[in-house]
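First up is the structure itself, then whatever we jot down about it.
Note that the numbering runs from 1 along the sequence shown for the chain.
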Amino acid sequence: QVQLVESGGGLVQAGGSLRLSCAASGRTFSSYVMGWFRQAPGKEREFVAAISRSGSTTYYADSVKGRFTTTRDNARATVYLQMNSLKPEDTAVYYCAASYLGSLYGLVYDYWGQGTQVTVSS
């Protein structure tokens, strides 16, 4: 069992930056591929980014590539999402997720955080 808690969301103007954090507790953090997803009002949840167990490889949705960066600190059992050049269309609830057996490019995740709201004003 893994518990995930996101933080760092908030209100920011277009062009600004935010850094989300996701702290994990429970089973060995380094055993999990970690992912970030988001869900805007009236829309389905969509994949944002993922990072491999070691942190050496990352994968991004085209919509955020070049603007968002995910990293992890296995010693602190925390994954981060640095979001730069934010746009109003990035407004959503952002979730982190953990996958024990999945691959970096898969969409099957076992555990989810409660989400943190990111609002980008124009």
Approximate separation, where rounding is to 0.5 Å, of [X] [atom1] and [Y] [atom2]:
{"X": "Arg67", "Y": "Ser85", "atom1": "CZ", "atom2": "OG", "value": "7.0 Å"}
{"X": "Ile51", "Y": "Thr70", "atom1": "CD1", "atom2": "OG1", "value": "4.5 Å"}
{"X": "Trp112", "Y": "Glu6", "atom1": "CH2", "atom2": "CD", "value": "10.0 Å"}
{"X": "Gln114", "Y": "Tyr95", "atom1": "CD", "atom2": "OH", "value": "9.0 Å"}
{"X": "Ser122", "Y": "Gln13", "atom1": "OG", "atom2": "CD", "value": "9.5 Å"}
{"X": "Glu44", "Y": "Arg38", "atom1": "CD", "atom2": "CZ", "value": "14.0 Å"}

Shortest non-hydrogen contact from [X] to [Y]?
{"X": "Ser17", "Y": "Asn84", "result": "OG-OD1, 2.9 Å"}
{"X": "Lys65", "Y": "Tyr60", "result": "CE-O, 3.7 Å"}
{"X": "Ala92", "Y": "Gln117", "result": "O-NE2, 3.4 Å"}
{"X": "Leu104", "Y": "Tyr59", "result": "O-CD2, 3.8 Å"}
{"X": "Leu4", "Y": "Tyr111", "result": "CD1-O, 3.6 Å"}
{"X": "Tyr105", "Y": "Thr57", "result": "OH-CG2, 4.2 Å"}

Please answer: with hydrophobic residues joined when any side-chain heavy atoms are less than 4.5 Å apart, are [X] and [Y] in the same cluster?
{"X": "Val79", "Y": "Val2", "value": "yes"}
{"X": "Tyr80", "Y": "Val48", "value": "no"}
{"X": "Val5", "Y": "Leu20", "value": "no"}

So, the side chain of Arg53 versus the backbone of Ser31: is there a donor-acceptor pair under 3.5 Å, distance only?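 Yes.
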Aromatic ring pairing Phe68/Tyr94, orientation class (parallel under 30°, perpendicular over 60°, tilted between):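 Geometry flag for Tyr94 against Phe68: tilted rings.
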Is the Tyr32 ring parallel, tilted or perpendicular to the Tyr100 ring (thresholds 30°, 60°)?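 Aromatic pair Tyr32/Tyr100 classed tilted.
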Go through it in stages, so that I can follow the logic: the residues are Thr78 and Arg72, the test is side-chain contact (heavy atoms from CB on, under 4.5 Å), and I'd like the CA-CA distance, side-chain angles, deciding distance and then a yes or no. CA-CA 6 Å; Thr78 303; Arg72 68 190 294 164; over 6 Å; no
Leu86 and its side-chain contact (heavy atoms from CB on, under 4.5 Å) partner, picked from Val64, Thr91, Val12: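 Of all the options given, the one that passes is Val12.
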Pair Ser25, Gln3: side-chain N/O donor-acceptor within cut-off below 3.5 Å: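 Their side chains do contain a donor-acceptor pair, which is all the 3.5 Å distance test asks for.
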Give the C-alpha distance, both sets of side-chain angles, the deciding distance and a yes or no for side-chain contact (heavy atoms from CB on, under 4.5 Å) between Met83 and Val118. CA-CA 10 Å; Met83 306 184 293; Val118 171; 3.9 Å; yes
Test side-chain contact (heavy atoms from CB on, under 4.5 Å) applied to Phe29 and Arg76, step by step: CA-CA 9 Å; Phe29 180 70; Arg76 296 181 183 271; over 6 Å; no
